[in-house]
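Each remark here refers to the structure printed beneath this line.
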4 protein chains.
Amino acid sequence: MSGPEGIQGDQLRTIVERIEHVEEEIRDLSEAKKEIFLEAKGAGFDLKVLREVVRLRKQDPEDRDEHATLLELYMDAVRAPSPKAKAA
Amino acid sequence: MSGPEGIQGDQLRTIVERIEHVEEEIRDLSEAKKEIFLEAKGAGFDLKVLREVVRLRKQDPEDRDEHATLLELYMDAVRAPSPKAKAA
Amino acid sequence: MSGPEGIQGDQLRTIVERIEHVEEEIRDLSEAKKEIFLEAKGAGFDLKVLREVVRLRKQDPEDRDEHATLLELYMDAVRAPSPKAKAA
Amino acid sequence: MSGPEGIQGDQLRTIVERIEHVEEEIRDLSEAKKEIFLEAKGAGFDLKVLREVVRLRKQDPEDRDEHATLLELYMDAVRAPSPKAKAA
DNA sequence: GATGCGCTTTAAATGC
DNA sequence: GCATTTAAAGCGCATC
């Protein structure tokens, strides 16, 4: 009287506990990370900029450049009322 | 002489403006929502609990029916140290 | 027979319903926004870049420039092993 | 000869590296977590339900005690069309 | 002014 | 490959 997997209670419990364990470790590390940011803030660094630095360094330079190029292109296109008609 | 989409400046600008328009409407509604909360606070209601009420009412119609059966099965399996052994 | 505000059930219900109503409108607008992005994607635009365009246009130019300056400063500082030693 | 924090390049670099290090550890743990889920899937468990189990177990110890009373009061008030008419 | 919480938004994973 | 769903990050507010 059970479904396809209803019986492996021990296995399921083990799995759940292992997941909870990893998640706890992740939580601890996230705490540590947060404290590094606080320390940086205390040292006078701009957290918003700091986050962007970390984010940018994660991307490989190629993508970063391509992104920057496209961004400039888009920004210009949005800015100008009508690139072609403006001609001169 | 341009990338795949470099030319459609007008189209891009239209898109950006439409996005900005929707976002503005969303911002206005968020303001309205905030004022309702303020009004509730003025009437003596606990905002924290009020938020929880709204959140709970959002969930109820959803899950509580779908995989409720399987969920209960799993929860029981995880809770009990050893379903079989407990037996008698 | 009730707490400080236990009685105003009608008022509370009205408040909750108003909140739910605004939230529904917000949800609809968010849907609309998402569809604009999908349309942009279909037209060949890079969504990631598009999002950044929208985000940048939200900040006033002053902050944007200051952020950009600091960012460059930080990136350089992180990149160079020892700025001072670089001397000349 | 610089802004408020322009000089501490070494300090900034140390901070960034420490952040990147923690993030790498977090990434590894996330990988491990993902593999546990894959293993569970291989054993025939429903991942969607499994995730819900983990989530529910996270919430239980928390709220269910704190403002449970007020919450119940509010929920009842919202549910019932007219609390006073409760009569009997 | 700093801290913590909640919401919004963004990126990733999974299934179709 | 697309489209939904889910977890994570960033941001802003409200509080103390």
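Every chain is numbered from 1 and lettered A, B, ... according to where its sequence line falls, protein lines coming before strand lines.
- Summarising the geometry of D:V22 relative to A:L29, their closest heavy-atom pair is CG1-O, 3.4 Å, with the distance given to 0.1 Å.
- Regarding B:E24, its CD atom lies at a distance of 18 Å from the P atom of E:dT8, rounded to whole Å.
- E:dT9 atom C1' lies 14 Å from atom CD of C:E52, rounded to whole Å.
- The nearest whole Å value for the distance from the CG atom in A:L56 to the P atom in E:dA11 is 12 Å.
- Scanning both residues, C:D60 and C:D63, for their nearest heavy atoms gives OD1-OD2, 2.9 Å.
- Distance, C:E39 CD to F:dA3 P: 14 Å, rounded to whole Å.
- There is no side-chain donor-acceptor pair under 3.5 Å between C:Q59 and C:H67.
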Where do N or O atoms of nucleotides 9-11 of chain F meet protein N or O atoms at under 3.5 Å, pair by pair?
| from | atom 1 | to | atom 2 | distance (Å) |
| --- | --- | --- | --- | --- |
| F:dG10 | OP2 | A:R51 | NH1 | 3.1 |
| F:dC11 | OP1 | A:K48 | NZ | 2.8 |

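- The environment of C:E20 atom CD is dense: over 12 non-hydrogen atoms of other residues, nucleotides or ligands sit within 6.0 angstrom.
- Distance NZ (B:K58) to C1' (E:dT8): 12 Å, rounded to an integer number of Å.
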Acceptor/donor pairs from residues 33-42 of chain C side chains to any protein atom, 3.5 angstrom cut, sequence neighbours excluded:
| from | atom 1 | to | atom 2 | distance (Å) |
| --- | --- | --- | --- | --- |
| C:K33 | NZ | B:E23 | OE2 | 2.9 |
| C:E39 | OE1 | B:R18 | NH1 | 3.3 |
| C:E39 | OE1 | B:R18 | NH2 | 3.1 |
| C:E39 | OE2 | B:R18 | NH1 | 3.0 |

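- The heavy-atom pair separating A:Y74 from C:F45 by the smallest distance is OH-CA, 3.5 Å.
- For B:D46 and F:dA14, the CG to P distance is 15 Å, given to the nearest whole Å.
- Heavy atoms of B:K41 sit under 4.0 angstrom from primed sugar atoms or phosphate atoms, though from no base atom.
- To the nearest angstrom, P of E:dG4 lies 11 Å from CD of A:E35.
- Distance, D:K34 NZ to E:dA12 C1': 8 Å, rounded to whole Å.
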